[in-house]
Amino acid sequence: MSFGFLERLRKTIGFRLTLWYAAIFILSSLALFILAYLFLASSLRQKDHELILSKLKEFEVQYRTGGLKAIRREVKLEQDAGKPNTFFIRLADSANRTIFLNLPDQWADFDLKSLENGAGSRQGWTRLKSKDDENGLEIATTQLANSTILQVGKNTESREDLLENFRGIFFGGIMVIIVLGFSVGQFLTRRALRPIRKLIFTVRTIADTGKVAARMPDIHTGDELDELSGLVNLMLARIETLINGMKETLDNVAHDLRTPMTRLRGMAEMALAGAGPLEACREALADCLEESERVMAMLNTLMDISEAETGTMTLKLEQVNLPELLTSVIELYRYVAEDKRIEVQAAYPLELQLTGDRERLRQTLANLLDNAIKYTPDGGQVAIEVLDQPQQVLIRIKDSGPGIALAEIPRIWDRLYRGDQSRSQRGLGLGLSLVKAIIIAHHGQVEVASQPGTGSVFTVFLPKQLSITSL
Ligand code: ADP
């Protein structure tokens, strides 16, 4: 294993989480053991003390009733009865000189002389340490009549043995606890990080293949990672739609530019090769100019739409007199409408002010009216209606044209989309996308209601007040 690999491993969340899990597990086990150990040690000690005190009481009563003789008799009786000689018993006179001593054999290594030299008080507890090991002798002292001292004690050996066994079990099991801590930690970490690994796999697949079709598998755990993978999938779906939209637009632009460019080239070639009169040459040049203007218009509109959609379109806000603006737009299309014997009816208030970009709003109304007249057959009708509402203005443009199929309605707002039946008409398929982009830039809305055969109604909603800060 190289140093670099270890360094990378150390930085992974998985490794750090495993370490945390293991550390918490091991420390908790340790704390639990220490608590259990302290509890056991204290209970054993208490039990020993209770035993010593009850023995002390027993001998105190014996002494009171029969003096030293009674104590000797009691000890002998116990020995004869085969009871284990576990208690240390000492009787001392008022000068602390031993007058009776019952000493179990294995206690020889305690410094009992120190008791005569005054170790321990005449009342309470004394502890003597063994000369060889950790064991101790715990002695309870009480004073009898005539200042005689009675001492009863017990070796702590059996207690220490038990505690040592307990310690041994723990230290023997510590390796098992460490191994268990790390394996459980690693198992839990792997489980918890599974969605993250799937996320990494998905993102890597996208980075390697360049295809955004990859998705995170559903994990249905209902936790934050489940939410994250759902959001990543949603984001990927949006990006895919955007990329597809961009591709489609690019294809359409390329396709729509090719026709006028081919025509331009053809006309220019004809003009160059032609040995005809100067007049024919001029005509070809004029056609070239017209065609290039069409291309320029198309490119400008595309730029306008993209500016409006990305929010970078700068609106020159001013107070616009809507009736005046509408009258000028209708006037612009008067001849075209007359040409097709289309009656344009208009109903709007004499005075209606709103805040907006006059030229952009003119473009919007002109595009909608242009479509209405363009798609309405000769002799049809177009009606414009304006409703003044408290907060907004509603502009409705109704025609008696062919209408739009339900399936087509969502697509008419797309850039470069042209209805199948509209191919015979002039147009770039950009009018409605520009209308929508401008209206949205004005914080308004535009919608259409249409049925094939009964005409279409385009409705624009515009807020009356629009401040620079709300843009
Ligand atoms: P263009 O008119 O240049 O084709 P537009 O973006 O203005 O592009 O319109 C997109 C499509 O919506 C049109 O090709 C046409 O199919 C449909 N459309 C727009 N306005 C009308 C209308 N008033 N009546 C019927 N169809 C319409």
Side-chain angles (χ1 to χ4, degrees), residues 245 248-260 290-291 293-309 313 326 329-330 332-333 336-337 339-346 360-385 394-441 444-460:
E248 206 177 311
T249 307
L250 209 69
D251 287 353
N252 289 345
V253 170
H255 179 266
D256 279 45
L257 276 180
R258 190 184 293 154
T259 322
E290 201 179 303
E291 210 57 62
E293 259 162 18
R294 252 173 65 84
V295 173
M296 277 300 285
M298 179 181 167
L299 292 177
N300 284 340
T301 315
L302 272 172
M303 294 274 290
D304 283 348
I305 296 169
S306 113
E307 270 181 16
E309 280 178 353
M313 175 184 266
L326 264 171
V329 173
I330 295 170
L332 203 70
Y333 284 90
V336 191
D339 241 24
K340 291 181 78 179
R341 286 176 291 107
I342 290 174
E343 187 193 347
V344 179
Q345 291 173 347
R360 291 297 183 193
L361 290 179
R362 186 193 299 280
Q363 256 181 311
T364 305
L365 297 172
N367 269 319
L368 290 174
L369 186 58
D370 181 59
N371 278 352
I373 296 172
K374 187 166 70 177
Y375 294 115
T376 299
D378 289 9
Q381 278 129 35
V382 171
I384 302 172
E385 188 189 8
L394 200 144
I395 308 162
R396 213 174 260 150
I397 298 175
K398 194 173 169 202
D399 65 57
S400 61
I404 306 164
L406 195 66
E408 241 186 325
I409 287 182
R411 304 205 58 201
I412 59 172
W413 310 102
D414 292 348
R415 287 176 224 196
L416 298 162
Y417 176 78
R418 302 209 68 208
D420 285 339
Q421 281 146 31
S422 330
R423 300 269 168 198
S424 53
Q425 300 284 353
R426 69 187 156 79
L428 297 169
L430 289 173
L432 287 183
S433 25
L434 182 65
V435 165
K436 191 170 184 183
I438 292 176
I439 296 298
I440 286 175
Q445 269 181 51
V446 56
E447 55 190 45
V448 63
S450 183
Q451 263 185 359
T454 57
S456 317
V457 185
F458 284 84
T459 312
V460 173

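Side-chain atoms are counted along with the backbone in the values below, which use heavy atoms only and exclude waters and symmetry mates. Just follow the structure's listing: the first ligand is 1, and inside any ligand the first atom is 1.
Nearest protein neighbour of atom 23 (N) of ligand 1, counting heavy atoms only, is Asp399 OD2, 2.9 Å. From the protein, the heavy atom lying nearest to atom 14 (O) of ligand 1 is Gly419 N, 2.9 Å. Closest to atom 18 (N) of ligand 1 among all protein heavy atoms lies Tyr375 CE1, 3.8 Å. For atom 4 (O) of ligand 1, the closest non-hydrogen atom on the protein side is Arg418 NE, 2.7 Å. For atom 12 (O) of ligand 1, the closest heavy atom belonging to the protein is Ile412 CG2, 3.3 Å. Taking atom 25 (C) of ligand 1 as the reference point, the nearest protein heavy-atom neighbour is Ile404 CG1, 3.7 Å. Protein heavy atom at the shortest distance from atom 10 (C) of ligand 1 is Tyr417 O, 3.4 Å. For atom 16 (O) of ligand 1, the closest heavy atom belonging to the protein is Ser422 OG, 2.7 Å.
For Gln363, the CD atom sits in a packed shell: over 12 heavy atoms of surrounding residues, nucleotides or ligands are nearer than 6.0 Å.
Close to ligand 1: Phe458, with a non-hydrogen atom less than 4.0 angstrom away.
Ligand-side atoms of ligand 1 in range of Leu430: 6 (O), 8 (O), range being under 4.0 angstrom from any heavy atom. Within the listing of ligand 1, atoms 5 (P), 6 (O), 7 (O) sit less than 4.0 angstrom from a heavy atom of Gly431. Atoms of ligand 1 lying under 4.0 Å from any heavy atom of Lys374, numbered from 1 in the order shown and given with element: 1 (P), 2 (O), 3 (O). Of all atoms in ligand 1, numbered sequentially from 1 with element shown, those under 4.0 Å from a heavy atom of Gly429 are 1 (P), 3 (O), 4 (O), 6 (O), 8 (O).
Contacts between Leu432 and ligand 1, counted as non-hydrogen atom pairs separated by less than 4.0 Å, involve both the backbone and the side chain. With a 4.0 Å cut-off on non-hydrogen atoms, Val435 does not touch ligand 1 at all.
A heavy-atom distance below 4.5 Å is found between the side chains of Arg415 and Ile305. You'll find the side chain of Val382 stays beyond 4.5 Å of the side chain of Glu343, heavy atoms only. A 4.5 Å side-chain heavy-atom check between Lys340 and Pro377 finds every atom pair outside the cut-off.
The shortest non-hydrogen separation linking Ile439 to Val446 is CG2-N, 4.1 Å. Contact record, Leu432 with Ile412: CB-O, 3.5 Å, taken as the closest heavy-atom pair. Of all non-hydrogen atoms in Ser433 and Trp413, the two that sit nearest each other are CB-O, 3.1 Å. Here the closest heavy-atom approach between residue Gly379 and residue Ile342 is recorded as N-CG1, 4.3 Å.
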Side-chain donor-acceptor pairs of residues 397-410 under 3.5 Å, sequence neighbours excluded:
| residue | atom | partner | partner atom | Å |
| --- | --- | --- | --- | --- |
| Asp399 | OD1 | Gly401 | N | 2.9 |
| Asp399 | OD1 | Ser456 | N | 3.2 |
| Ser400 | OG | Gln381 | N | 2.8 |
| Ser400 | OG | Gln381 | O | 3.4 |
| Glu408 | OE2 | Tyr417 | OH | 2.7 |

Enumerate donor-acceptor pairs with a distance under 3.5 Å from any side-chain N or O in residues 295-304 to protein atoms, sequence neighbours excluded.
| residue | atom | partner | partner atom | Å |
| --- | --- | --- | --- | --- |
| Asn300 | ND2 | Met296 | O | 3.4 |
| Thr301 | OG1 | Ala297 | O | 2.6 |
| Asp304 | OD2 | Arg360 | NH1 | 3.1 |

